[in-house]
Protein chains: 2
Amino acid sequence: MANIHQIAERAGVSVATVSRVLNNAPTVSPKTRSKVESAIKELNYQPSMLGRNLRNSESRLILVLLPTFSNPFYSEIINGIQDTVIAKGYNILLCETDSRPERENIYFNMVKNKLADGVISMDPTINMKKLKELAESHPVILCSEYEEGGCIPYVTVDSELAAYQAVKHLIQLGNEKIALINSDEKFLYARQRRAGFERALKEFSLPIREEWIYHTKGLDFQHGVHAMRMILQQEEKPTAVFAVSDTLAIGALKAINMELRAMEPIAVVGFDNISFSSMTNPTLTTVSQPMYNMGCTAADMLLNSMKGERVENIVLDHELIIRESTMG
Amino acid sequence: MANIHQIAERAGVSVATVSRVLNNAPTVSPKTRSKVESAIKELNYQPSMLGRNLRNSESRLILVLLPTFSNPFYSEIINGIQDTVIAKGYNILLCETDSRPERENIYFNMVKNKLADGVISMDPTINMKKLKELAESHPVILCSEYEEGGCIPYVTVDSELAAYQAVKHLIQLGNEKIALINSDEKFLYARQRRAGFERALKEFSLPIREEWIYHTKGLDFQHGVHAMRMILQQEEKPTAVFAVSDTLAIGALKAINMELRAMEPIAVVGFDNISFSSMTNPTLTTVSQPMYNMGCTAADMLLNSMKGERVENIVLDHELIIRESTMG
DNA sequence: CTGAAAGCGCTAACAA
DNA sequence: TTGTTAGCGCTTTCAG
């Protein structure tokens, strides 16, 4: 692969002029420009990103941290991020942390090492302390999961309100015995969704029964299946269940289908509106998060932050999508 | 952020010695090493990847091309790739082409520009001509979708055989009227799966009826729903359907559930064994592809190819997973 | 409008 | 065992 010197030689100009042509500098005469351009064509030259990046001290790479690829929730967000940054000449370095702390270090170093110009984290399991440290000297945006009162800008939805509305919907349908399938409450979203759940129950003077609250160890379908089974083992069974993730809700639906064919149906509400949620039987009532838009927003915020602008936190709108799983 | 000169100065050594410590060269005395190491600690130094990459003329980044994030099939493969390359000190640059040719160019240039050291393509829509051109001078591996008789090494499964076995399973269950939901036959896997489908029918002297073969314009659930609806509009309805992707099969299942509650059940077989396929109602019989392993294998092949080794094509084993959708 | 030259941060050949 | 130095490929100031 040719380098800039060979182009300069071939075109009979200096490397500076080649560089100017490469960067569309206005101060190049048309004649010189075309000489350089033909040299570039003839030698099939591509400027090296490595050299350019070193000189400019930027990589034009955005690091995106996510806990796992297996939850489709993240796929949609990534779509939004990718479309947004590509339009600005950036690319994404996608990193699944798998909730493994040793991986975090690799990624944080990549940023410190200048291999990435900024970070979007969607990982609730991330080491906030380290991330905040990184954020002091590098652009960082939190997407979806965030930190209350923290100093890192975020884009998210109002989980508490969304959960409240979801549970209220169940109550208004006549359900008085409502279970909650939550994930680990070390995550902010889990605490918020639980708070919304409790607010709705309290508003209607319904008791909060701990035996109907189950905390899963993950968000896979199987965790939802297991949670629902545990809840169904209770002597008194709930008539409805709110799960904090569609994946859990879909697992719950499966467990209900398997174990309760002869019983009263149990209403189910999920959270996220992943594309599967309209393919289940029954289709799933769920809180729709604007995932694609959230990705775009996070990317815009990061790009602005990288330009040195101050960015504000953003809370996007959600929407309760009512489908068959709460229609008896 | 400090650079190597500052460390050298602080430690009272030359930059070469610092570099040696950084790269664990054996020819550094323990005393010097510890001087350098404390300087590194004190200044909180991280070597710049930009400088190192330029010097070494490598980026330690692997470009992974995939058509879309929304098919979970790819997520699993990516897991395998990521785990494998991270262990070798590489990272992945994940690129969704969305089947947009202009994006392809961006990515190909990244490789030519040295921003990526090698490519794993899982994108059936990729411009093979350009990819082959790239492969002449850069390491490239095809994963899942490949080219028969082409020169780019690949890892895949035997789609024809898998499809044959899947359809044979349907026939042995007593089905004689079997529909095929295929994607666009410009894709090799689609042609191969159709060939397997036809081989099974022929073996049992069953006619191939074009009105029961539907080609979708994509692999989303909705395409499966639509395809099944079209097939169900036929005067004579099939008793079973083979879909070349779980996403399509799940959509088909949905269409069947919606439109045929009172009718004979229609058996369905999918392809991929995505995790959602055990959550549907009924659970989906499907061909399991070793997705994680395929990702690991592709990554290993690429890494070897980057070392200059010759790599052989690999065909991994598949397995028919029999679930409720073919059990009446 | 163009060229010479410095330098981004690092590694490695060579010399000592 | 360590230091000096050239140079990876590029951009950009400064001088002309």
Side-chain angles (χ1 to χ4, degrees), chain A residues 1-37 39-40 43-61 89 109-117 137-138, chain B residues 1-37 39-40 43-61 89 109-117 137-138:
Chain A
M1 174 67 68
N3 65 23
I4 199 171
H5 283 100
Q6 297 168 32
I7 302 300
E9 195 175 2
R10 176 88 166 212
V13 299
S14 73
V15 293
T17 300
V18 178
S19 176
R20 287 188 188 102
V21 172
L22 256 23
N23 294 287
N24 290 314
T27 67
V28 182
S29 77
K31 210 163 56 177
T32 313
R33 183 179 297 273
S34 76
K35 270 196 303 186
V36 173
E37 277 166 353
I40 289 175
L43 298 184
N44 191 23
Y45 167 71
Q46 297 279 353
S48 156
M49 283 301 162
L50 259 27
R52 179 174 287 175
N53 289 346
L54 175 59
R55 173 63 219 222
N56 293 343
S57 194
E58 63 167 19
S59 61
R60 298 196 84 79
L61 255 29
N109 283 343
M110 293 177 69
V111 183
K112 293 187 191 156
N113 288 342
K114 302 252 171 210
L115 228 190
D117 296 340
S137 46
H138 300 270
Chain B
M1 174 67 68
N3 64 23
I4 199 171
H5 284 101
Q6 296 167 32
I7 301 300
E9 194 175 2
R10 176 88 166 212
V13 299
S14 72
V15 292
T17 300
V18 178
S19 177
R20 287 185 189 106
V21 172
L22 257 22
N23 294 287
N24 290 314
T27 68
V28 183
S29 77
K31 212 164 53 180
T32 313
R33 183 180 297 274
S34 76
K35 270 196 303 185
V36 173
E37 278 165 353
I40 289 175
L43 298 183
N44 192 23
Y45 166 73
Q46 296 280 353
S48 155
M49 283 299 162
L50 260 28
R52 180 175 286 174
N53 290 346
L54 174 60
R55 174 64 220 221
N56 292 345
S57 194
E58 62 167 18
S59 61
R60 297 195 84 80
L61 255 28
N109 283 343
M110 292 176 70
V111 183
K112 292 187 191 156
N113 289 341
K114 302 253 172 210
L115 228 190
D117 296 340
S137 48
H138 299 270

Colleague: Expressed as a whole number of angstroms, how long is the span from A:L54:CG to D:dT12:P?
Modeller: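 Atom-to-atom, A:L54 to D:dT12, this comes out as 13 Å.
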
Colleague: Can you tell me how far C1' of C:dC10 sits from CG of A:L115, to the nearest Å?
Modeller: 14 Å

Colleague: Give a yes/no on whether any side-chain N or O of A:R52 is located under 4.0 angstrom from OP1 or OP2 of D:dT11.
Modeller: yes

Colleague: Where is the tightest heavy-atom contact between B:Y45 and B:I7, given as atom of each residue plus distance?
Modeller: CB-CD1, 3.4 Å

Colleague: Report yes if a side-chain nitrogen or oxygen of A:S19 is closer than 4.0 Å to either non-bridging phosphate oxygen (OP1 or OP2) of D:dT11; otherwise report no.
Modeller: yes

Colleague: Please report, rounded to the nearest Å, how far the C1' atom of C:dG3 is from the NZ atom of A:K35.
Modeller: 12 Å

Colleague: Looking at every heavy atom in both A:T32 and A:S29, which two are closest together, and how far apart are they?
Modeller: OG1-OG, 2.7 Å

Colleague: At under 4.0 Å between heavy atoms, what does B:N23 touch on the DNA or RNA strands: base, sugar-phosphate, or nothing?
Modeller: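 Sugar-phosphate, backbone atoms only, no base.
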
Colleague: Closest nucleotide of DNA chain C for B:N3 versus for A:G12: which of these residues is on the 5' side?
Modeller: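 In this pair, the answer is A:G12.
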
Colleague: Does B:E58 offer a backbone N or O that forms a donor-acceptor pair with the side chain of B:N56 under 3.5 Å?
Modeller: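 Here the side-chain-to-backbone pair does not exist.
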
Colleague: Whole angstroms only, please: what is the NZ-C1' distance between B:K114 and D:dG9?
Modeller: 11 Å

Colleague: Does A:T17 put a side-chain nitrogen or oxygen below 4.0 Å from OP1 or OP2 of C:dC1?
Modeller: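 Looking at the OP1 and OP2 atoms of C:dC1, neither is under 4.0 Å from any side-chain N or O of A:T17.
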
Colleague: Nearest to the side chain of B:R55 - C:dA12, D:dG9, C:dA5?
Modeller: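 Nearest to the side chain of B:R55 among the choices is C:dA12.
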
Colleague: Closer to the 5' end of DNA chain C via nearest nucleotide, is it A:V15 or A:T32?
Modeller: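 With A:V15 and A:T32 compared, the 5'-side residue is A:T32.
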
Colleague: Using atom types as modelled and distance alone, determine if a side-chain donor or acceptor of A:R60 lies under 3.5 Å from a backbone N or O of A:G89.
Modeller: yes

Colleague: The side chain of B:I4 lies closest to which of these nucleotides: C:dG3, C:dG9, D:dT11?
Modeller: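 Within the option list, the nearest is C:dG9.
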
Colleague: Consider side-chain contact (heavy atoms from CB on, under 4.5 Å). Of B:L61, B:N109, B:N53, which one does B:L115 pass it with?
Modeller: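 Result: among B:L61, B:N109, B:N53, B:L61 is the only option passing the side-chain contact (heavy atoms from CB on, under 4.5 Å) with B:L115.
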
Colleague: Kindly indicate whether the side chain of A:R20 and the base of C:dG3 share any N or O donor-acceptor pair separated by less than 3.5 Å?
Modeller: yes

Colleague: Can you tell me how far P of D:dG7 sits from CG of B:L50, to the nearest Å?
Modeller: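 Answer to the nearest Å: 22 Å.
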
Colleague: Go through D:dT12, C:dC10, C:dT2 for me and flag the one nearest to the A:T27 side chain.
Modeller: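 Out of D:dT12, C:dC10, C:dT2, the nucleotide with an atom closest to A:T27's side chain is C:dT2.
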
Colleague: Name the nucleic acid region contacted by B:V18, choosing base, sugar-phosphate or nothing; use a 4.0 angstrom heavy-atom cut-off, strictly under.
Modeller: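 Counting heavy atoms under 4.0 Å across all strands, no contact is made by B:V18.
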
Colleague: How many Å lie between CD on A:E58 and P on D:dT11, as a whole number?
Modeller: 11 Å

Colleague: Check the phosphate of C:dC10 against B:N56, side-chain N and O only, distance under 4.0 Å to OP1 or OP2. Yes or no?
Modeller: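 Result: no.
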
Colleague: Looking at B:S14, does any N or O in its side chain come under 4.0 Å of the phosphate oxygens OP1/OP2 on D:dT4?
Modeller: no

Colleague: Nearest to the A:S48 side chain among C:dG3, D:dC10, D:dA6, which nucleotide is it?
Modeller: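 In terms of side-chain proximity for A:S48, the closest of C:dG3, D:dC10, D:dA6 is D:dC10.
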
Colleague: From NE2 of A:H5 over to C1' of D:dG7, roughly how many Å is that when rounded to an integer?
Modeller: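 That distance rounds to 10 Å.
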
Colleague: Could you check A:Q46 against B:V28 and say which one's nearest nucleotide on DNA chain D is further toward the 5' end?
Modeller: B:V28

Colleague: Give a yes or no on whether the backbone of B:L54 and the side-chain of B:S57 come within a donor-acceptor separation of less than 3.5 Å.
Modeller: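 Side chain of B:S57 to backbone of B:L54: no pair is present.
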
Colleague: Looking across every strand, which nucleic acid part, if any, lies under 4.0 Å from A:S29 by heavy atom: base, sugar-phosphate, or nothing?
Modeller: sugar-phosphate

Colleague: Take the protein atom CG of B:N53 and the nucleotide atom C1' of C:dC8, then report the distance between them rounded to whole Å.
Modeller: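 Distance check: B:N53 CG to C:dC8 C1' gives 13 Å.
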
